[in-house]
Protein chains: 2
Amino acid sequence: MVTITPVSDATYDRSRCSVAGTLAVVGEKWSLLVMREAFLGVRRFADLQQALGAPKAVLTDRLATLVQEGLLSREPYREEGARQRHEYRLTAKGRDLYPTLVALMQWGDRYLADGPPPLALEHVDCGAPVHVALVCADGHEVPGPREVLARPGERR
Amino acid sequence: MVTITPVSDATYDRSRCSVAGTLAVVGEKWSLLVMREAFLGVRRFADLQQALGAPKAVLTDRLATLVQEGLLSREPYREEGARQRHEYRLTAKGRDLYPTLVALMQWGDRYLADGPPPLALEHVDCGAPVHVALVCADGHEVPGPREVLARPGERR
DNA sequence: CATGCTGAGTTCGCTTGACGAACCCCGAAA
DNA sequence: TTTCGGGGTTCGTCAAGCGAACTCAGCATG
């Protein structure tokens, strides 16, 4: 039989794949959209709720797990003549999800657009559009998966 | 009142954000993991099912919508003395999700690791590790969201 | 021919999660 | 003292995910 055996047959433990792990943290419904709003500067429960249209109970839950996972921090603040409240701010760990969000956005801009992209990203220093790219440590641009060799890391 | 108004108050239509649109296509449970397996070369229903451990009914559904959305194509093939079957192959549209998957993986490798990353990506030409980066069209590296100005596209 | 096997689904109950509406709690303002 | 509004919680309903069992086509074996 001449089956082309794919990359694995239990050669490495798929349960420990980082994509799955990341999705376990931010893969539930609304989580990534909450993060997007956070990158847009939205910090308050009511603003998030209005921007997203998610049910309050779900939003409460997602915020709690994002805080618990350390992507957002819950900080007290107070406004003129109002009682103390909390807002949700990006942590460094949360900020590192930015390329993921941009990658998702870029795909959508390319394939779902019925017009100009709803949101444009510019480099603040030079005004040029920002996008995600695959590069290797030697500085070569990597056009796609065909130029990439994926292999299991060393066992421990 | 000195509220810091965030990026929008109905200044642009959030329902047309590309992140949300992309997630509508690949945001359901298992979809992105199916895509990951596709990038690893897995093409057959049974192999996917075994690799992922997803219920067959869900997998059937996810494959159908991925085919319908044009990220995978369903191609007939036949093996020695077996009846004709189908396999699922990446299309160009599906292949363009690669940076997204790599970005998710990279975040997981950084924050969820209790050891070396389960999967290493190498540039096939030079063997150097591959990663995603934010760059602007003028070639500057963009370290993070702070160097990016997000603004709504033109209305139509 | 009858039988069995295998890959790819489908069907079926069950459990979990998402949903929207209603309700609650607190401190400030009136 | 009542009212108001942000930030939730609770509740009943409905959709989605789950594993196990069943189906169906067609090749292979007897």
Side-chain angles (χ1 to χ4, degrees), chain A residues 1-6 9 15 20 23-35 37-38 42-69 72-89, chain B residues 1-6 9 15 20 23-35 37-38 42-69 72-89:
Chain A
M1 213 197 316
V2 206
T3 317
I4 303 161
T5 43
D9 266 321
S15 73
L23 289 175
V25 176
V26 295
E28 283 173 304
K29 206 170 178 182
W30 299 109
S31 297
L32 282 169
L33 293 174
V34 169
M35 293 305 290
E37 293 305 317
V42 179
R43 289 179 180 162
R44 270 124 81 152
F45 190 94
D47 294 340
L48 285 167
Q49 212 239 318
Q50 194 198 331
L52 298 173
K56 295 167 104 180
V58 176
L59 192 50
T60 303
D61 183 86
R62 290 313 106 92
L63 286 169
T65 85
L66 289 172
V67 168
Q68 194 178 329
E69 295 289 341
L72 299 177
S73 68
R74 190 160 179 273
E75 310 265 341
Y77 75 100
R78 79 173 327 133
E79 230 172 60
E80 297 292 288
R83 84 162 168 293
Q84 167 170 312
R85 301 184 181 289
H86 297 270
E87 58 182 12
Y88 300 88
R89 292 164 163 273
Chain B
M1 215 200 308
V2 206
T3 317
I4 303 162
T5 43
D9 265 322
S15 72
L23 290 175
V25 176
V26 294
E28 283 172 304
K29 206 170 179 184
W30 299 110
S31 297
L32 282 169
L33 293 174
V34 168
M35 293 306 289
E37 293 304 317
V42 179
R43 290 180 181 161
R44 268 122 86 151
F45 190 94
D47 294 341
L48 285 167
Q49 212 239 316
Q50 194 198 332
L52 298 172
K56 296 168 102 180
V58 177
L59 191 50
T60 303
D61 184 86
R62 291 312 106 93
L63 286 169
T65 85
L66 290 172
V67 168
Q68 195 178 328
E69 296 289 340
L72 298 178
S73 68
R74 190 161 179 272
E75 310 264 343
Y77 76 100
R78 79 172 326 132
E79 230 172 59
E80 297 291 288
R83 81 161 169 294
Q84 167 170 310
R85 301 186 179 286
H86 298 270
E87 58 183 13
Y88 300 88
R89 292 163 162 273

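Below, chains carry the letters A, B, ... as their sequence lines are ordered, and counting in each starts from 1. All values derive from a computational prediction rather than experimental measurement. Heavy atoms only: backbone and side chains are in, while hydrogens, waters and symmetry mates are out.
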Practice task
With the side chain counted from C-beta on, respond yes when B/E37 and B/L52 share a heavy-atom pair under 4.5 Å apart, and no when they do not.
Solution key: yes
Whole angstrom is fine here: how far is it from [atom1] in [X] over to [atom2] in [N]?
X: A/R44; N: D/dG7; atom1: CZ; atom2: P; result: 7 Å
X: A/F45; N: D/dG5; atom1: CZ; atom2: P; result: 17 Å
X: A/L59; N: D/dG6; atom1: CG; atom2: C1'; result: 13 Å
X: B/E28; N: D/dA16; atom1: CD; atom2: C1'; result: 9 Å
X: B/D47; N: C/dT6; atom1: CG; atom2: P; result: 15 Å
X: B/L48; N: C/dA8; atom1: CG; atom2: C1'; result: 12 Å
X: A/R78; N: C/dG27; atom1: CZ; atom2: C1'; result: 9 Å
X: A/E87; N: D/dG6; atom1: CD; atom2: P; result: 15 Å

Given [options], the nucleotide with the shortest approach to the side chain of [X]:
X: B/R83; options: C/dG9, D/dG8, C/dG7; result: C/dG7
X: A/P55; options: C/dG9, C/dA28, C/dG20; result: C/dG20
X: B/R62; options: D/dG17, D/dA25, C/dA8; result: D/dG17
X: A/Y77; options: C/dT10, D/dT9, D/dG7; result: D/dG7
X: B/V58; options: D/dC18, D/dG7, C/dA18; result: D/dC18

Practice task
Please assess B/R44 against B/Y77 for the test side-chain contact (heavy atoms from CB on, under 4.5 Å), listing each intermediate value before the final yes or no.
Solution key: CA-CA 10 Å; B/R44 268 122 86 151; B/Y77 76 100; 3.3 Å; yes
Problem - Polar pair under 3.5 Å, donor/acceptor by atom type, side chain B/R85, base C/dA8 - result: no
Completion exercise
d(A/R74 CZ, A/L66 CG) to nearest 0.5 Å is 13.5 Å
Exercise for the section: Quick one: pull up CG in B/L32 and CG in B/L23 and give me the separation to the nearest 0.5 Å. Expected result: 8.0 Å
Please confirm whether the shortest side-chain N or O distance from [X] to OP1 or OP2 of [N] is below 4.0 Å.
X: A/K29; N: C/dC19; answer: yes
X: B/R74; N: C/dG9; answer: yes
X: A/Y88; N: D/dG7; answer: no

Handout entry: Residue whose nearest DNA chain C nucleotide is more 5′ - A/Q84 or A/G53
Key = A/G53
Practice task
Mind checking A/A57 for me? I need base, sugar-phosphate or nothing, with any heavy atom below 4.0 Å counting as a touch.
Solution key: base
Handout entry: Backbone N/O of A/K56 and side chain of A/T60: donor-acceptor pair under 3.5 Å
Key = yes
